[in-house]
Amino acid sequence: MTKFSDLNLSPKVLKAIEEAGYESPTPIQAGAIPPALEGKDVLGIAQTGTGKTASFTLPMITKLARGRARARMPRSLVLCPTRELAAQVAENFDTYAKNVKLTKALLIGGVSFKEQDQLIDKGVDVLIATPGRLLDHFERGKLLLTGIEIMVIDEADRMLDMGFIPDIERIFGLVPFTRQTLFFSATMAPEIERITNTFLSAPARIEVARQATASENITQGAVVFKPSRKDREGTEKRKVLRALIDAEGDSCDRAIIFCNRKVDVDIVSKSLKKYGHNAAPIHGDLDQSQRMKTLDAFRDSELRILVASDVAARGLDIPAVSHVFNFDVPSHAEDYVHRIGRTGRAGRSGKAFTICTPRDEKYFDAVEKLIQKEIPRLDNPVKTEAPAEKVEETKDTNEPRKSSRSRSRSKSSDDKRQVETRSEPRTEKREEPRRDTRDNRNDTRGKDRGGRRDNNVVGMGDHLPDFIALSFDERRAS
DNA sequence: AAAAAAC
């Protein structure tokens with residue numbers, strides 16, 4: 001098996017790798033690092049969780065260690081689709097460049113320009129950025145991109161989804177023609193193919209998507225149910241969610257709940273908190289420092305449940321998530337794969353539950369078609385509409401269920417949320433509030449991230465279930 | 001019916 005020491009990385013980088021606890025490169029690393037070090041363009045086709053980030057940071061650090069940055073002329077540029085992803089790449093540089101003198105700046109939105117400007121003025125070796133903020137800096141004339149030696153595009157397919165491709169093309173036009181380009185995408189959509197044909201020159205192509213895997217290690221299940229009333233859908237889904245979480249007990253020690261909408265992220269998070277769960281929301285409307293804090297707490301196991309929009313579906317490095325719950329079926333089937341791919345990583349087992357109501361059904365069908373597998377239906381964990389509850393809940397409108405609801409409810413839709421949050425704890429036997437005593441356990445998980453030494457983890461964690469290992473085209477082509 | 005990203 002290849003070792004990092006066979007890859008021609010600089011001794012200082014090797015030392016940092018060793019200190020982080022790694023010995024063997026993952027396939028994408030073994031494939032991408034040698035051509036990157038030779039100065040070739042690289043086209044890496046790899047899913048998240050394959051060790052992709054290190055496959056460009058390691059050779060970059062090795063190459064940039066020689067030479068120094070000049071003011072306002074960064075020597076390399078890494079573009080990421082989301083702020084979190086950019087921050088994560090920056091952390092990766094910190095880890096592996098700790099024995100090397102390298103300066104870097106993180107240019108992302110949501111934070112002030114001032115500090116970013118100061119860093120750029122001093123001169124940086126590595127610029128890590130989201131496209132919008134990078135162009136903003138550029139337009140202010142504070143930033144020269146003519147000194148870029150290496151440019152990295154991370155998660156290109158996601159950039160495509162987010163409409164960043166015009167920005168990316170523009171940035172390609174601002175960096176020198178002679179630069180080296182390292183380009184990463186989980187899939188090769190036609191538009192991505194076009195970009196790579198245009199902007200890469202004779203790239204070394206490394207595809208690890210089809211990597212064989214030992215076992216299918218995500219257990220999937222779905223609760224399909226019909227809400228008793230349209231206006232109770234949210235409440236009842238939350239109840240199902242709680243029942244699912246509770247049924248998992250202590251084995252559910254780090255979970256992500258995905259919702260399709262930001263409002264629902266907030267509502268679900270609040271509701272869980274009220275029921276004693278250690279939960280917090282993350283989505284794009286929350287301010288950046290809050291997003292970072294929440295994510296850090298989740299990684300450090302201070303936070304047990306992360307309620308998220310699809311900001312967190314792809315790319316973020318969150319190790320060893322025990323459970324993924326889909327509060328909604330994602331409307332893009334591919335997102336299902338990304339979401340549940342947050343669990344069952346690096347050889348660990350994981351569980352993924354999806355809640356599906358009639359309005360989700362067509363998306364659910366699309367998901368099953370994509371993964372070429374039937375997701376086992378689970379019994380609704382909420383006792384089949386216990387009559388006692390029903391009576392209590394509906395006592396204000398004491399009438400047969402099938403009666404028409406044409407009589408508009410006196411509650412305005414405005415105070416619906418309020419009503420619901422008030423009534424929720426009442427409508428069911430409130431379980432013992434769950435105590436998340438994370439501090440009383442021997443918590444080593446936080447350290448997992450940089451230096452896991454578990455026997456069953458290969459390289460930087462390249463264990464993927466079979467269907468994830470298929471490219472999307474292959475999955476679609478069923 | 002959506003999320004993300006620039007002010």
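Because only heavy atoms are used, hydrogens play no part in the values below, and waters and symmetry mates are left out as well, while side chains stay in. First the proteins, then the strands, lettered A, B, ... as listed; each starts at 1.
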Per-nucleotide protein contact string for nucleotides 2-7 of chain B (B base, S sugar-phosphate only, - none; heavy atom under 4.0 Å): BSBBBS
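Minimum interatomic distance between A:Ala90 and A:Ile128 (heavy atoms only, all atoms of both residues): CA-CD1, 3.6 Å.
A salt bridge links A:Arg194 and A:Glu191; the closest N-O separation between the charged side-chain nitrogens and carboxylate oxygens is under 4.0 Å. A salt bridge does not link A:Asp365 with A:Lys362: every distance from a Lys NZ or Arg NE/NH1/NH2 to an Asp or Glu carboxylate oxygen is 4.0 Å or more. Between A:Glu233 and A:Arg359, at least one side-chain nitrogen of the basic residue sits less than 4.0 Å from a carboxylate oxygen of the acidic one, meeting the salt-bridge criterion.
Under the 6.0 Å distance and 45° angle rule, A:Arg261 does not count as a cation-pi partner of A:Phe327.
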